[in-house]
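Heads up, the thing below is written out as structure tokens.
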Amino acid sequence: MQETGKLVLGIDLCDDITQVTVMRPHAAEPDAVCFDARTRKEFLPTILCQQQDGTFCVGESITPDMAVLPPFFRAAVKGEPVIFADASYSGRELLRRYIALLLQKIRQRFEGQEIGLIAITCEEASDGEAAREMLQGMFEETLGETVRCTVLSHLEAFLHFIIRQEEGLWKDGSAVFDYATDGLLFYYMECRLANGRRLFTADHKDYSEVIGPDFVTHGDGGQGALTFERLAGEAMGQKPASLFITGRGFEGDWVSDVLRFLSGGRRVFRGQNLYTQGACYAGAELFRGEQNADFSILTPEQVTVDVFLLAENEGQEESVLFVKAGENYRNVAARAEVILDATDKLTFKILPAGDTVPRAVRIAPNLPELRGDRTSRYEIRVFFAKRDLMVIQMKETGFGAFYPQTYRIYEELLDLSQWEQ
């Protein structure tokens, strides 16, 4: 359960703006956070300004006489420098400074209230582990040990957002058109009922080569709308019941024509904060320890199978859940200690999400000859090298003073792609 008085924050980091939402203790819905009482804007520009004494500031502290540094977030993700006034700055050092100032503003905004967890989302988190590790490391370094944090892609944040809306918005599918900094992106999800569990599967398409960041700005708005209509019709072949329009590229008169086209037969919403809300929902679920056995989220980052280890306990065979479908494959770190019998084998059951018939997989490791009297003890680890590549590792741990540990390790790779739904 969430500790009394602790907040959960969702932060959407983009190259141009930063948005923050807060889930208060025992609340069911997140609230947008405004840092400027005068403008009431629900975002901060993702910029750093340098004062004459060399210090940096963000937000409403910025004044016209300060030097505004060029955008740095993408440079930080790529490990590139930022050139300003004939000087070279480390993009990651600038991002680290920005995060420190952002968290300082957040603490001032919620003075006297403790923060329990921060969930960060960004588009770049879908490109691999580097961006996730960098952001998590920077936030943890600044926050210290008292606040947990997690990182999600925009696709994951969208899923966590949509499944907490009314059923009519996601039952027959939902999608997002995001006209982002680099161009048009399309996220989509489908829902199906299988074996008593709702499965939410999702993926994304990149249309930035067709509709880039300057497509409408430098081109004809009417032609842009026609091109978008053609592309949208191709992308939405499954005709999702609901559609969300987000991104600062969806501005100007041309968007009215687009919305009229998209609204035919579906509900269309336009807004800028679904990712930060989705991150906040996901963060609150993680912080509160809530687990919903009725559904699984299966994005390209999530495991698509339940994995059980068959074991004997007091003469009865039991199935021990090692991995649950819907876990981020990078976070899987299942362990158990077993004593092998004379068969010298381990048996796992693999149950694809939504299926009812498990597949039995027997592992016969090449280990030293078993000792008598069931004195061969091993630590079993299960983790993932890739989403569909499971690693089963066995390490001999000895058995008391008479049978010291040999430090021998056996690993086997199991390709799960053959069973993906």
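Side chains are part of it too, since the values below use all heavy atoms of this structure and drop only hydrogens, waters and symmetry mates. For clarity, every value in this text was computed on a predicted model and none was experimentally measured.
For the residue pair Glu327 / Asn331, no side-chain donor-acceptor distance below 3.5 Å is found, with atom types taken as modelled.
Side-chain atoms of Asp178 never come within 3.5 Å of backbone atoms of Leu185 as a donor-acceptor pair (strictly under, hydrogens ignored). Remark: side-chain polar atoms of Ser242 are not paired, donor with acceptor, to backbone N or O of Arg267 under 3.5 angstrom. Checked by atom type and distance alone, the side chain of Thr21 pairs as donor or acceptor with a backbone atom of Thr276 at under 3.5 Å. A distance-only check finds a donor-acceptor pair linking the side chain of Thr121 to the backbone of Leu152 [under 3.5 Å]. At distances below 3.5 Å, at least one donor-acceptor pair connects side-chain atoms of Asp306 with backbone N or O atoms of Ala325. Using a distance-only test at 3.5 Å, with no hydrogens or angles considered, no donor-acceptor pair links the side chain of Asp172 to the main chain of Ala241. Proximity of a side-chain donor or acceptor of Arg270 to a complementary backbone N or O of Phe250 within less than 3.5 Å is detected. Judged by distance alone, the side chain of Gln113 and the main-chain N or O of Leu7 form no donor-acceptor pair under 3.5 Å. The main-chain N or O of Arg362 is never found under 3.5 Å from a side-chain atom of Thr347 such that the two would form a donor-acceptor pair. A donor-acceptor distance shorter than 3.5 angstrom exists from the side chain of Thr246 to the backbone of Gly271, with no hydrogens or angles considered.
Under the 4.5 Å side-chain criterion, counting only non-hydrogen atoms from C-beta, Val382 is not in contact with Leu309. With contacts defined as side-chain heavy-atom distances shorter than 4.5 Å, the pair Pro30/Met23 qualifies. With contacts defined as side-chain heavy-atom distances shorter than 4.5 Å, the pair Met138/Glu141 does not qualify. Side-chain contact between Phe348 and Leu414: absent, with no pair of heavy atoms (C-beta onward) separated by less than 4.5 Å. Taking the side chain as every heavy atom from C-beta outward, Leu231 and Phe186 never approach each other to under 4.5 Å. Using a 4.5 Å cut-off on side-chain heavy atoms (C-beta onward), Arg359 and Pro352 make contact. Counting only heavy atoms from C-beta outward, the side chains of Val151 and Phe139 never approach each other to under 4.5 Å. Residues Lys6 and Phe287 meet the side-chain proximity criterion, which asks for heavy atoms closer than 4.5 Å.
Residues Arg381 and Glu411 are not paired through a salt bridge, judged by the lack of any N-O separation under 4.0 Å between the basic side chain and the carboxylate. Comment: Arg164 engages Glu285 in a salt bridge, judged by a side-chain N to carboxylate O separation of less than 4.0 angstrom.
Taking CD1 from Ile118 and CZ from Arg148, the interatomic distance works out to 12.5 Å, rounded to the nearest 0.5 Å. Between Asp388 atom CG and Asp415 atom CG the span is 5.5 Å, to the nearest 0.5 Å. For the atom pair Met134 CE and Leu95 CG, the distance stands at 5.0 Å (nearest 0.5 Å). Here the CZ atom belonging to Arg107 is positioned 6.0 Å from the CD1 atom belonging to Ile115, to the nearest 0.5 angstrom. Between the CG atom in Leu184 and the OH atom in Tyr179 there is a gap of 7.5 Å [rounded to 0.5 Å]. Atom CE of residue Met189 and atom CG of residue Asp203 lie 12.5 Å apart, to the nearest 0.5 angstrom.
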| message | One pair to check against side chain to side chain contact (heavy atoms under 4.5 Å, CB included): His154 and Cys14. What are the steps and the verdict? | response | CA-CA 10 Å; His154 275 174; Cys14 299; 4.1 Å; yes

| After noting the C-alpha distance and the side-chain angles of Arg132 and Glu156, does the key distance pass the salt bridge (charged side-chain N to carboxylate O under 4.0 Å, His left out) rule? | CA-CA 13 Å; Arg132 292 178 187 260; Glu156 292 170 305; 2.9 Å; yes

| query | Would Met394 and Glu412 count as a side chain to side chain contact (heavy atoms under 4.5 Å, CB included) if you check the C-alpha gap in whole Å, the side-chain angles of each, and the deciding distance to 0.1 Å? | reply | CA-CA 9 Å; Met394 298 180 66; Glu412 183 149 337; over 6 Å; no

| side chain to side chain contact (heavy atoms under 4.5 Å, CB included) assessment of Leu48 paired with Val58 | CA-CA 6 Å; Leu48 276 172; Val58 298; 3.7 Å; yes

| task | Evaluate the criterion side chain to side chain contact (heavy atoms under 4.5 Å, CB included) for residue pair Asp12 and Asn273; output intermediate values, then yes/no. | result | CA-CA 8 Å; Asp12 181 21; Asn273 61 356; over 6 Å; no

| said: Quick one, Arg74 with Glu80, criterion salt bridge (charged side-chain N to carboxylate O under 4.0 Å, His left out). Give me CA distance, side-chain angles, the key distance, then yes/no. | reply: CA-CA 8 Å; Arg74 293 286 174 83; Glu80 297 174 348; over 6 Å; no

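When all heavy atoms of Ala279 and Ala119 are compared, the pair lying nearest together is O-CB, 3.2 Å. Heavy atoms only, all atoms of each residue included: Val33 and Phe35 are closest at CG1-CZ, 3.7 Å. Heavy-atom minimum distance, Tyr98 versus Leu44: OH-CB, 4.2 Å. Between Phe158 and Ser174, the shortest heavy-atom contact is CZ-OG, 3.8 Å. Taking each heavy atom of Val268 and Ser263 in turn, the nearest pair found is CG2-CA, 3.6 Å. Between Pro358 and Leu351 the shortest heavy-atom distance is N-CD1, 3.7 Å.
The side chain to side chain donor-acceptor pair (under 3.5 Å) test with Thr46 is passed by exactly one of Asp15, Thr18, Asp16: Thr18. The only option from Phe161, Tyr188, Trp170 that meets the ring pair (Phe, Tyr, Trp, His ring centres under 6.0 Å) definition with Phe244 turns out to be Phe161.
Using cut-offs of 30° and 60° on the angle between ring planes, the pair Tyr187 and Tyr275 is perpendicular.
Between Phe72 and Phe84, the ring centre distance reaches or exceeds 6.0 Å. Ring to ring, Phe177 and Phe228 are close: their centroids are under 6.0 angstrom apart.
With a 6.0 Å radius and a threshold of 12 heavy atoms from other residues, nucleotides or ligands, Glu209 has its CD atom at or below the threshold. No more than 12 heavy atoms of other residues, nucleotides or ligands shown are found within 6.0 angstrom of NZ on Lys78.
A cation-pi contact, defined as under 6.0 Å to the ring centre and within 45° of the axis, is absent between Arg97 and Tyr89.
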